[in-house]
S.K.: 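There's a structure below that I have some questions on.
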Amino acid sequence: MQTSYKWLLEWVDFSFPPQELAERLLGIGLAVETVEPLFPKLDGVLVGRVELVEKHPEADRLSVCTVSLGLEKKRVVCGAPNVESGQKVAYAPAGSKLPNGAQIGFANIRGVESAGMICSEFELGLGADKEGIMVLDSGVVGKRLADELGLEDWKISVELTPNRPDCLSVAGIAREIAALVGGKLKRPKISLKEAEEPASRFVSVETAERELCPRYAARLVRKLKIGPSPFWLKKKLIAAGMRPINNVVDVTNLVMLEFGHPLHAFDFQRFGSQKVRVRRAKEGEKLVTLDGVERSLTSEDLLITNGQAGTALAGVMGGRDSEISDGTSQVLLEAAYFDPRTIRRTRKRLGLATESAIRFEKGTDINVPPLALDRSAQLLSELAGGEVLSGIVDAYPKPKEPTKLTLRPLLVSQILGAEISSPEVSDYLSRLEMSVTPGKELSVIVPTFRVDIKEEADLVEEVARLYGYDRIPSLQRGSGPLAPRFSFFEAAADRLRELLVGSGFSEAVTSPLGNPKVFAKAGFAGPYAALANPLSEELSVLRPTLLVSLADVAGRNQAGGNPSVRMFELSKTFRPGSPPEEGWRLGLVFSSAAALHWREKGRSADFYDLAGILEKLFARFLHQPVRLTPRESLPGFFEREFELIAGGQVLGLSGELSPEWTKELHFKKPCFLAEIDWELFLKLAGPEKAYHPFSRFPAVERDAALVAPLELLVSDILDEIRNAKESLLESFELFDLYTGPQAGEGKKSLALSFRYRSAEKTLTDAEADAAHERLVGRLVSRFGLVWRRQ
Amino acid sequence: MALLSEGEIGQLVLAAEKEIESASTPEELSTLKIKYVGRSGILTLALRGLKDISPEDRPKVGQALNSAKVSLEEKIDARTSELEAAARKTARGFFDHTLPGTPYFLGHPHPLVQVNREIVRIFNFMGFETATGPEIETDYYNFEALNFPKDHPARDMWDTFYLQDSELLLRTHTSPVQARVFEKRKPPIKILAPGRVYRHEAINARSYYTFLQIEGFYVDADVSFADLKGVLHAFVSAFYGDVKTRFRPSFFPFTEPSAEMDISCTICGGKGCSVCKYEGWLEILGCGMIHPQVFRNVGYDPEVWRGYAFGLGVDRIAMQKYRIDDIRLFYENDLRFLEQF
Ligand SMILES: [Zn+2]
């Protein structure tokens, strides 16, 4: 809602300047967004009177005007067709400057000396009219135009929460100010002269949908003359951000802005009958609205008809056929109440967020139509010379009673935690035009414009607003549970971050929405949890995997000049279903060039770097090794793909990105990825393990060089060592691997180191040797290895 | 070997010292050591011959011989270390201690997650327990249970993503966790619900279609707006330090009274700057007393229980904290950005 400072001052007395008004309104919940000058500064411009208009001797289209400024007279050349003697005009003297930057001076126009200029609305920044000069309807000659027209004003723009449609009006905001200062609202005085003839002789009103249109009120005004509105009215519309059109339309808009109730004006001669009938539209029924668009309606829409055809889309937009035009002389004024949900559905379906629709859908005051009609009729008779027929034709079979509530003053103090006495509570509510009957429980009658107040809690908020939120104490009394309760999930995620960040992985947070085509192409087949109203196809489904977006981010980083990329993400993935599946996954991505460092002239990242971090992760959380089992992968995302297995369960997958995707995602180096079902993984994690005692006796180291068939998996040998459960074996390591010609055709040479230690005593060489013989001998016979002793 | 007088010992020491000084290799010194103090060195032999000296001279000469032996030994050892150190230095050649050190790879946590954890921990320590809910929600939990009736204009406060072929949506806030927890448990309840939420909004520097939110709520027999202010003040002082707060009325369908909390701008201290749009205040969170209708919807008696709730946007707070002017940076994951945290 937009209004002006001076407009508010017409409706309520208050003494604070615009900026302070903004702060005070913010304090009671009306967020003032901007306070800015309504019009540009017009310092030098004066009110002048055209005394004489003479033809320019050299130019047909120019006039030479004598402009009186009271004591002084000026001669001004003017090109406007509408200049006439006797007019009051805006005169910009030589030396003044217009808002568009034009510097006014003395000019010689085709041989005639011209001192200053008579200005148009447009040149003054006061409107859109540039056809002719601005003719003033008031103002003292010789005085500053800005003072005479009240131009020094501030546009006040309030961002309203959807519960306060009453404040979509000057009256509403003024009421809030009145409540702040404890004052009274000053409503405009209505003195309506009506003709003898009753309106009901010419028009009847019927509503077929009492639920959707519980009230329909109308007035008839005839013999009126369409023309421009006076400046005072235009100024208000401009302040509210609306465009002046003509006196009739402007009056309906002004009254809507004043009271918050939308009105509609039909050209009654083009209405098509003498009967207004409100009904639901028929499925597929057509109506051409004011904007010239043919709308196809549904039975959800409410239609104003002339008994036959639609004449307006109720509460949303009028019909083109009965639109006010320059030839209109009879006007049917409508002020009705329409069901907010119906208006909202129509508004949303047709995308017509008109000033009228946004007010009706939030809820208007059903008891304001007569007032709005009287005010409009009065203005139409004053500004358009209309004759107002007597009476309002009003279909309002079941008048709405104001809401009655009870409020326990003690409850106010309990909810707010501030001591507020019963008389104080009554006072705050009374300031908001509520009628309060005191007692142990206050009985409160809520005016019908406050559609948001429905129960006791709503009244508590009203009291709190006026009492002041900042006056409510801040209480730290350690109420409720005091002990922190940490979630296992969050603690595990913290440990995970420590491990990965410490291992050189940076955390990514990538888009949870993605492109179904890309997921499908990468081999993560559907179905996907798809959005009905996506922002774009690229963001139209919830991701089934973290790997695609994570690889994308990693590729961009590498292409953008970060040769080493190690990233992880802990986020959710989704699959449709009832209910849909969503679960936490851990994604890892790894791709790096050889380090550019004087000492580390090493290698670039490869498969074993990924395997290493996975081993670390499984050892740290699950206290068990991870097994990577090859999986047949379809041509797509992975070149080599492995299932990650621990505790007999598949916990995730890992692999090397295929060359096609490596290229597609702009990687310069091979890229390795893994994704782990984090929830399943944590299920295996269990509680922290107990402390494991260790031996303080010295250890004995023994190595073994073994020649094995090339295709024997090293994990088979390592598992066999573990399975042997050699009690003296403390640890072992594969410390060398050779696959060259000296190992023999189809062979590889492995070097293993074993550490033997007893928990009870210092081992002798003989005891260590015996254990070593047992263990290595077992490997030799199990796999047919050759043990190369020195 | 003839017996030595005190004077002769002195002369011997002087001569030996000269030889030590002029030795230029550890080997020469080793020879000198053998010559003077070795098993058959001059001084060793002289000590052995003490028994032939008259008993009255024996202590004096003995003492002189002993101190000469210790002194020469020390001198030879010191000189040997000196020569060895010099030799090591020559062998080592030039040592540049300024070469770049071995690189250790350290990753960086994401700033959003970091700020999220920081806030959650503060509330954990005030007794709030973490709870979670699904990101794909029903209309009931996201709206209806929270007192947003169907076709109500308040639903326009949050533009919503809906799922195809179902009544489901992507939650627009973490508040549905309230109703989910209330259905399962009885007060007192003190919960923190961090999580991802979605809004059907165009992507630009100030808005993104998803962000992290943290919801907190407390329900008990005697909870007031003053308690809400208290807990939020405690949070603000833990997270921001010494800042001013401002509470102003607002509207959320699931709280009544509702409020917005602002803090004095952490950048300019309230004087006005581009971060606070020259207002001196930063919007931090929305909050209020839980609406009685929410309690009725989950079967709590609003005459018995009262509660407060608050919700804050992690992305916005992280942007303020690190003065990030483009929200998209969080989701781009450029390492040049991440490595700053
Ligand atoms: Zn600031």
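Letters go in sequence order (proteins before strands), and every chain restarts at 1.
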S.K.: Given heavy-atom pairs under 4.5 angstrom as the criterion, report whether the side chain, backbone, both or neither of A:T510 touches chain B.
M.R.: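 Its backbone and side chain both get close to chain B.
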S.K.: Less than 4.5 Å to any heavy atom of chain A: does that hold for the side chain of B:P194, its backbone, both, or neither?
M.R.: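 The answer is the side chain of B:P194.
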S.K.: Taking every non-hydrogen pair under 4.5 Å, which of B:P253, B:P100, B:P249 racks up the most with chain A?
M.R.: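 Max contact count across the listed options: B:P249.
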S.K.: Against chain A, label B:V219 side chain, backbone, both or neither, depending on which of its atoms sit under 4.5 Å from a heavy atom there.
M.R.: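 It is neither, since no heavy atom gets under 4.5 Å.
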S.K.: So for B:I203, is it side chain, backbone, both, or neither that comes closer than 4.5 Å to the heavy atoms of chain A?
M.R.: side chain
S.K.: State, with a plain yes or no, whether a side-chain heavy atom of B:H108 is found less than 4.5 Å away from one of A:V501.
M.R.: no
S.K.: Do A:V460 and B:M289 have side-chain heavy atoms sitting under 4.5 Å apart?
M.R.: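 A:V460 vs B:M289: side chains apart.
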S.K.: Check each atom of A:I358 against the heavy atoms of chain B and say whether the ones under 4.5 Å are side chain, backbone, both or neither.
M.R.: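 A:I358 has no heavy atom closer than 4.5 Å to chain B.
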S.K.: In Å and rounded to the nearest 0.5 Å, what is the CZ to CZ distance from B:F251 to A:R164?
M.R.: 11.0 Å
S.K.: Please look at B:T210 and chain A and tell me whether the side chain, the backbone, both or neither of the residue comes under 4.5 angstrom of a heavy atom of that chain.
M.R.: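 Side chain of B:T210 only, per the 4.5 Å heavy-atom cut-off to chain A.
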S.K.: Below 4.5 Å, heavy-atom pairs only: which of B:S250, B:P134, B:A154, B:P188 has the largest tally toward chain A?
M.R.: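 Counting heavy-atom pairs under 4.5 Å, the top option is B:P134.
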S.K.: Given that the side chain runs from C-beta out, which part of A:E455 has a heavy atom under 4.5 Å from chain B: side chain, backbone, both or neither?
M.R.: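 Contact with chain B: side chain only.
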S.K.: With a 4.5 angstrom heavy-atom cut-off, which part of B:L192 approaches chain A: side chain, backbone, both or neither?
M.R.: neither
S.K.: Tell me, side chain or backbone of A:F574 under 4.5 Å from chain B's heavy atoms, or both, or neither?
M.R.: side chain
S.K.: Answer with side chain, backbone, both or neither: which region of A:P473 has an atom nearer than 4.5 Å to a non-hydrogen atom of chain B?
M.R.: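 For A:P473, heavy atoms of backbone and side chain both lie under 4.5 Å from chain B.
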S.K.: Can you list the steps and then say if A:E490 with B:R121 is a salt bridge (Lys or Arg N to Asp or Glu O under 4.0 Å)?
M.R.: CA-CA 10 Å; A:E490 285 179 333; B:R121 274 194 207 105; over 6 Å; no
S.K.: Quick one: of A:V553, A:N163, A:V463, who has the most non-hydrogen atom pairs under 4.5 Å with chain B?
M.R.: A:N163
S.K.: Under 4.5 Å heavy-atom distance to chain A, tell me which part of B:R306 shows up: side chain, backbone, both or neither.
M.R.: side chain
S.K.: Based on non-hydrogen pairs under 4.5 Å, which of B:R196, B:E129, B:E256 is most in contact with chain A?
M.R.: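 Most heavy-atom pairs within the cutoff with chain A belong to B:E256.
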S.K.: Return the CD to CZ distance between A:E507 and B:F341, rounded to the nearest 0.5 Å.
M.R.: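 So the gap between those two atoms works out to 12.5 Å.
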S.K.: Measure A:A530 against the heavy atoms of chain B and call it side chain, backbone, both or neither at under 4.5 Å.
M.R.: both
S.K.: With heavy-atom distances below 4.5 Å as the criterion, would you say the side chains of A:T161 and B:E260 are in contact?
M.R.: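 Contact flag for A:T161/B:E260 side chains = no.
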S.K.: With chain A as the partner, which of B:K150, B:H152, B:E201 has the greatest number of non-hydrogen pairs under 4.5 Å?
M.R.: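 Top count of heavy-atom pairs under 4.5 Å with chain A: B:H152.
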S.K.: Would you mind telling me which of B:E303, B:Q114, B:K277 has the largest number of heavy-atom pairs within less than 4.5 Å of chain A?
M.R.: B:E303
S.K.: Checking heavy atoms, do the side chain of A:R465, its backbone, both or neither come under 4.5 Å from chain B?
M.R.: both
S.K.: Under 4.5 Å heavy-atom distance to chain A, tell me which part of B:L338 shows up: side chain, backbone, both or neither.
M.R.: side chain
S.K.: Find the distance between OG (A:S487) and CG (B:N124) and round it off to the nearest 0.5 Å.
M.R.: 7.5 Å
S.K.: If I measure from the heavy atoms of chain B, does A:L570 come under 4.5 Å with its side chain, its backbone, both, or neither?
M.R.: neither
S.K.: Side chain, backbone, both or neither: which part of B:T132 has an atom under 4.5 Å from a heavy atom of chain A?
M.R.: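 For B:T132, neither part sits under 4.5 Å from chain A.
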S.K.: Quick one: are A:L531 and B:Q164 in side-chain contact, heavy atoms under 4.5 Å?
M.R.: no
S.K.: Where do A:K348 and B:D156 land on the salt bridge (Lys or Arg N to Asp or Glu O under 4.0 Å) test, with the steps shown first?
M.R.: CA-CA 10 Å; A:K348 284 194 84 160; B:D156 288 351; 3.7 Å; yes
S.K.: Carefully, step by step, assess B:R246 and A:D470 under the rule salt bridge (Lys or Arg N to Asp or Glu O under 4.0 Å).
M.R.: CA-CA 7 Å; B:R246 172 173 88 174; A:D470 283 330; over 6 Å; no
S.K.: Once you round to the nearest 0.5 Å, how far does NE2 of B:H110 lie from OG of A:S506?
M.R.: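 The distance works out to 10.0 Å.
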S.K.: Counting heavy-atom pairs closer than 4.5 Å to chain A, which one of B:Y209, B:Y331, B:Y104 comes out on top?
M.R.: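 Option with the greatest count: B:Y209.
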S.K.: Pick one of side chain, backbone, both or neither for B:L170, based on which atoms fall under 4.5 Å of a heavy atom in chain A.
M.R.: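 It is the side chain, since no backbone atom gets that close.
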S.K.: Is B:F330 close to chain A through its backbone or its side chain, or both, or neither, when contacts mean heavy atoms under 4.5 Å?
M.R.: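 Looking at B:F330, just its backbone touches chain A.
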S.K.: Tell me, side chain or backbone of A:P512 under 4.5 Å from chain B's heavy atoms, or both, or neither?
M.R.: both
S.K.: About how many Å separate CG of B:L163 and OH of A:Y528, when rounded to the nearest 0.5 Å?
M.R.: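 Between A:Y528 OH and B:L163 CG, I get 15.0 Å after rounding to 0.5 Å.
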S.K.: Heavy-atom distance under 4.5 Å to chain B: side chain of A:E361, backbone, both or neither?
M.R.: both
S.K.: Can you tell me which portion of A:N557 sits under 4.5 Å from chain B's heavy atoms? Options are side chain, backbone, both or neither.
M.R.: side chain
S.K.: Taking the side chain as every heavy atom from C-beta outward, state whether B:Y308 and A:I415 have any atom pair closer than 4.5 Å.
M.R.: no
S.K.: From A:L30 CG over to B:R248 CZ, what is the distance, rounded to the nearest 0.5 angstrom?
M.R.: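 With rounding to 0.5 Å, CG (A:L30) is 11.5 Å from CZ (B:R248).
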S.K.: Kindly state whether the ring of A:Y469 and the ring of B:F225 have centres lying under 6.0 angstrom apart.
M.R.: yes
